There are 2 protein chains.
Amino acid sequence: MSTCDLCVVRNRAICSALDSDEIKALSAMGRKRDLSAGESLIWEGEDSVLVANVVDGVLKLSTNTEDGREQIVGVVYPSDFIGRPFGGTTGHGVTALTDSRVCVFSRRDFDNFAAEHPGLERKLLQRTLAELDRTRRWMLLLGRLSASEKVASFLLEMSERLVEPGCATDEPGAKRAFVLPFSRQQIADVLGLTIETVSRQFTRLRNAGVIDLPSRREVVIRDPDALSAEAG
Amino acid sequence: MSTCDLCVVRNRAICSALDSDEIKALSAMGRKRDLSAGESLIWEGEDSVLVANVVDGVLKLSTNTEDGREQIVGVVYPSDFIGRPFGGTTGHGVTALTDSRVCVFSRRDFDNFAAEHPGLERKLLQRTLAELDRTRRWMLLLGRLSASEKVASFLLEMSERLVEPGCATDEPGAKRAFVLPFSRQQIADVLGLTIETVSRQFTRLRNAGVIDLPSRREVVIRDPDALSAEAG
DNA sequence: CGTCCCGTTGAGGGTGCTCAAATTACGTGG
DNA sequence: CCACGTAATTTGAGCACCCTCAACGGGACG
């Protein structure tokens with residue numbers, strides 16, 4: 001029994017395409033790595049040397065303009081795949097937003113392994129297609145939504161991603177609470193806004209009684225319907 | 001010898017992963033279809049019933065907000081793949097920008113065929129990863145660039161995509177001419193701007209001597225370096 | 001208790017949007 | 001081939017939204 005059998009994402013990550021023997025072979029190639037919040041795993045523009053699975057934590061994918069503006073182009077959660085198989089250069093950096101744990105492989109090793117395990121490539125294809133869909137929906141937000149619509153949409157997506165299941169909040173209209181893995185600046189970098197605009201939208205929603213902000217990172221959605229209405 | 005052997009994208013589309021016999025089997029499942037400019041192949045939100053390869057022409061992938069704002073989230077050219085394998089709903093419509101010809105398959109048939117041909121899935125994975133990279137770079141444009149930077153970047157990408165090779169314009173700094181497959185409104189929908197802003201940026205660049213606009217759809221880049229400088 | 005960092009709040013200005021009109025291409029029919 | 005009608009594009013004026021710059025507040029940590 002390999003250590004992978006104990007892995008919390010064993011049955012959700014692309015590893016689920018593999019049986020026990022295959023997992024053993026794959027795990028022999030990889031290693032666990034812990035990242036502190038703020039630490040980068042991959043830098044923009046470098047050759048693709050490694051790929052990874054997220055075991056725990058939240059990480060951002062981000063690109064920058066030459067003069068330092070940043071845009072977060074993706075956010076990955078446990079069981080998500082990181083990196084660029086088939087070589088080339090990575091177009092975006094990968095940085096931990098929270099303390100994280102990832103399962104890292106040499107890109108070359110992974111490519112070779114995947115080539116021999118079509119089931120793994122198939123799983124990866126499914127994930128990549130889903131990620132592409134999500135990214136394209138995000139483009140509509142960036143290109144066509146107003147600041148208030150962006151923030152409302154963001155909070156709704158966060159609540160779907162982060163609210164602990166079974167908080168007796170399954171019925172529509174119930175409160176939802178979660179802890180943001182983002183700073184205000186990072187939210188701005190996700191939405192294509194400035195930190196001030198994000199802050200103002202947050203306080204506006206708080207004053208309107210739509211949300212509560214118990215602390216900087218905590219959000220309580222008091223009126224999901226109102227938020228949905230704002231999201232357009 | 002199947003008709004595919006004569007196909008102009010035979011060696012560039014995902015079909016290149018298949019040998020002559022396999023192509024014959026695949027082509028038995030598919031059929032050619034011609035689209036006029038403006039005609040849609042797939043509508044946003046419908047179940048994924050078909051996939052296709054672009055043989056000729058340019059098509060847009062687009063989503064709309066409820067109140068009618070549009071964002072073009074992708075543009076596909078000959079040899080590109082269209083559609084959402086593995087079922088689900090398509091998050092964006094597919095519409096021909098120019099008169100086009102595509103090679104269409106039932107999504108279900110294609111899925112089954114691909115499951116038996118890992119080489120095809122691998123090719124599709126490579127394409128999807130490349131498309132994801134391109135889409136993420138586009139997010140930086142939508143979220144962080146100014147109108148002038150957006151338009152300059154757009155013109156540069158168009159010139160790379162559309163300039164006929166061998167126009168004696170290989171040396172940097174040389175003029176490049178091409179015909180846009182987009183109307184002004186569509187350019188606005190690509191860049192997340194309004195038609196008026198796009199138009200003003202075009203005339204500004206023309207007045208600055210950076211580009212020429214012989215007709216509505218034609219563009220000549222007179223000073224590529226200046227354009228690059230504006231793109232950031 | 002002081003410092004630092006992050007977030008909030010305020011004032012003001014600029015970019016890009018809205019609304020409206022003029023102008024130019026382009027297809028159609030005479 | 002020209003005249004016309006329609007649609008696309010350009011241009012203009014004014015304004016709204018969001019950004020910029022700046023100061024303030026508050027929590028975390030030493």
Side-chain angles (χ1 to χ4, degrees), chain A residues 36-38 60 65 67-71 97-99 141-155 179-208 211-219 230 232, chain B residues 36-38 60 65 67-71 97-99 141-155 179-208 211-220 230-232:
Chain A
S36 311
K60 69 170 181 177
T65 58
D67 60 338
R69 286 168 285 178
E70 176 163 330
Q71 176 65 50
L97 294 175
T98 65
D99 293 345
L141 178 146
L142 286 175
R144 289 302 182 203
L145 297 199
S146 67
S148 58
E149 291 171 320
K150 284 180 176 180
V151 170
S153 302
F154 172 79
L155 288 173
V179 176
L180 288 171
F182 300 97
S183 70
R184 292 288 186 274
Q185 180 60 61
Q186 285 160 351
I187 296 172
D189 291 338
V190 166
L191 300 178
L193 297 169
T194 59
I195 182 174
E196 296 94 331
T197 299
V198 172
S199 180
R200 275 185 252 270
Q201 293 297 330
F202 269 60
T203 47
R204 187 182 57 76
L205 288 170
R206 181 171 52 69
N207 292 340
I211 61 173
D212 258 349
L213 301 167
S215 76
R216 286 179 169 178
R217 295 291 186 120
E218 288 174 272
V219 177
E230 279 218 30
Chain B
S36 312
K60 68 169 182 179
T65 57
D67 59 339
R69 287 169 284 179
E70 173 161 331
Q71 177 66 50
L97 294 177
T98 66
D99 291 346
L141 177 147
L142 285 176
R144 289 302 184 203
L145 297 199
S146 67
S148 58
E149 291 171 322
K150 284 179 177 181
V151 170
S153 302
F154 172 79
L155 288 173
V179 176
L180 287 171
F182 301 97
S183 69
R184 293 287 185 274
Q185 181 61 60
Q186 285 160 350
I187 296 172
D189 291 338
V190 166
L191 300 177
L193 297 170
T194 58
I195 184 174
E196 295 94 331
T197 299
V198 171
S199 179
R200 277 186 250 271
Q201 292 298 329
F202 269 60
T203 49
R204 188 183 55 77
L205 288 170
R206 180 171 52 71
N207 292 340
I211 61 172
D212 257 350
L213 300 168
S215 76
R216 286 179 168 175
R217 295 291 186 120
E218 287 174 275
V219 177
V220 179
E230 278 218 30

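No experiment lies behind these values; they were computed from the predicted model shown. Chain letters run A, B, ... following the sequence lines, proteins first and then strands; every chain starts at 1. Below, each value reflects all heavy atoms present in this structure, side chains not excepted, and no hydrogens, waters or symmetry copies.
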- Message: How close do B:Q71 and B:D189 get, counting heavy atoms only, and between which atoms?
- Response: NE2-O, 2.9 Å
- Note on the structure: Here the distance between atom C1' of D:dA8 and atom CG of B:L180, to the nearest Å, is 14 Å
- the helix from C:dC1-D:dG30 to C:dG30-D:dC1: angle between terminal helix axes, five bp per end, to the nearest 10 degrees, reads 40°
- Task: For DNA chain C, find the residues of residues 195-203 of chain B with a heavy-atom distance under 4.0 Å and give them by number; none if there aren't any.
- Result: B:E196, B:T197, B:R200
- Item | Contact summary for A:L205 and A:V151, nearest pair of heavy atoms | CD1-CG1, 4.1 Å
- Query: For B:L97 and D:dA8, what is the distance between atoms CG and P respectively, to the nearest whole Å?
  - Reply: 14 Å
- Message: I need the CG-C1' distance between A:L145 and D:dC17, as an integer number of Å.
- Response: 15 Å
- Taking the side chain from B:D99 and the backbone from B:A37, do they hold a donor-acceptor pair closer than 3.5 Å? yes
- Query: Quick one: side-chain contact (heavy atoms from CB on, under 4.5 Å) partners of A:L145, sequence neighbours excluded?
  - Reply: A:L141, A:E149, A:K150, A:S153, B:T65, B:R69
- Shortest non-hydrogen contact from B:P181 to B:T98? CB-CG2, 3.8 Å
- Message: Can you work out whether A:Q185 or B:S148 has the more 5'-proximal nearest nucleotide on DNA chain C?
- Response: A:Q185
- Message: Using a 4.0 Å heavy-atom cut-off to protein, can you give one letter per nucleotide of nucleotides 25-30 of chain D, 5' to 3': B if the base is in contact, S if only the sugar-phosphate is, - if neither?
- Response: BB----
- Query: Whole-Å distance between D:dA7 P and B:Q186 CD?
  - Reply: 16 Å
- Name all residues meeting the ring pair (Phe, Tyr, Trp, His ring centres under 6.0 Å) criterion together with B:F202; count only those two or more places apart in sequence or in a different chain, and write none if there are none. none
- Outermost DNA chain C nucleotides near chain B [under 4.0 Å, heavy atoms]: C:dG16 to C:dA25
- Of all residues at least two apart in sequence or in a different chain, which pass the side chain to side chain donor-acceptor pair (under 3.5 Å) check with A:T197? A:T194
- Please identify each residue that fulfils side-chain contact (heavy atoms from CB on, under 4.5 Å) with B:S148, with sequence neighbours left out. B:S146, B:Q201, B:R204, B:E230
- Note on the structure: For A:E218, the side-chain contact (heavy atoms from CB on, under 4.5 Å) test, sequence neighbours excluded, returns A:V179, A:P214, A:S215
- Might you point out which heavy atoms bring B:Q185 and B:I195 nearest each other, and give the distance in Å? OE1-CB, 3.8 Å
- Test side-chain contact (heavy atoms from CB on, under 4.5 Å) applied to A:R200 - qualifying residues, sequence neighbours left out: A:E196
- Nearest whole angstrom, please: distance from the P of D:dC17 to the CZ of A:R144. 17 Å
- Just call it for B:S215: base, sugar-phosphate, or nothing, with non-hydrogen atoms closer than 4.0 Å on any strand. nothing
- salt bridge (Lys or Arg N to Asp or Glu O under 4.0 Å) with A:D212: which residues, sequence neighbours excluded? A:R222
- Message: If the condition is side chain to side chain donor-acceptor pair (under 3.5 Å), which residues does A:R184 pass it with, not counting sequence neighbours?
- Response: none
- Task: Return the value, rounded to whole Å, for the distance between atom CG of A:L191 and atom C1' of D:dC18.
- Result: 14 Å
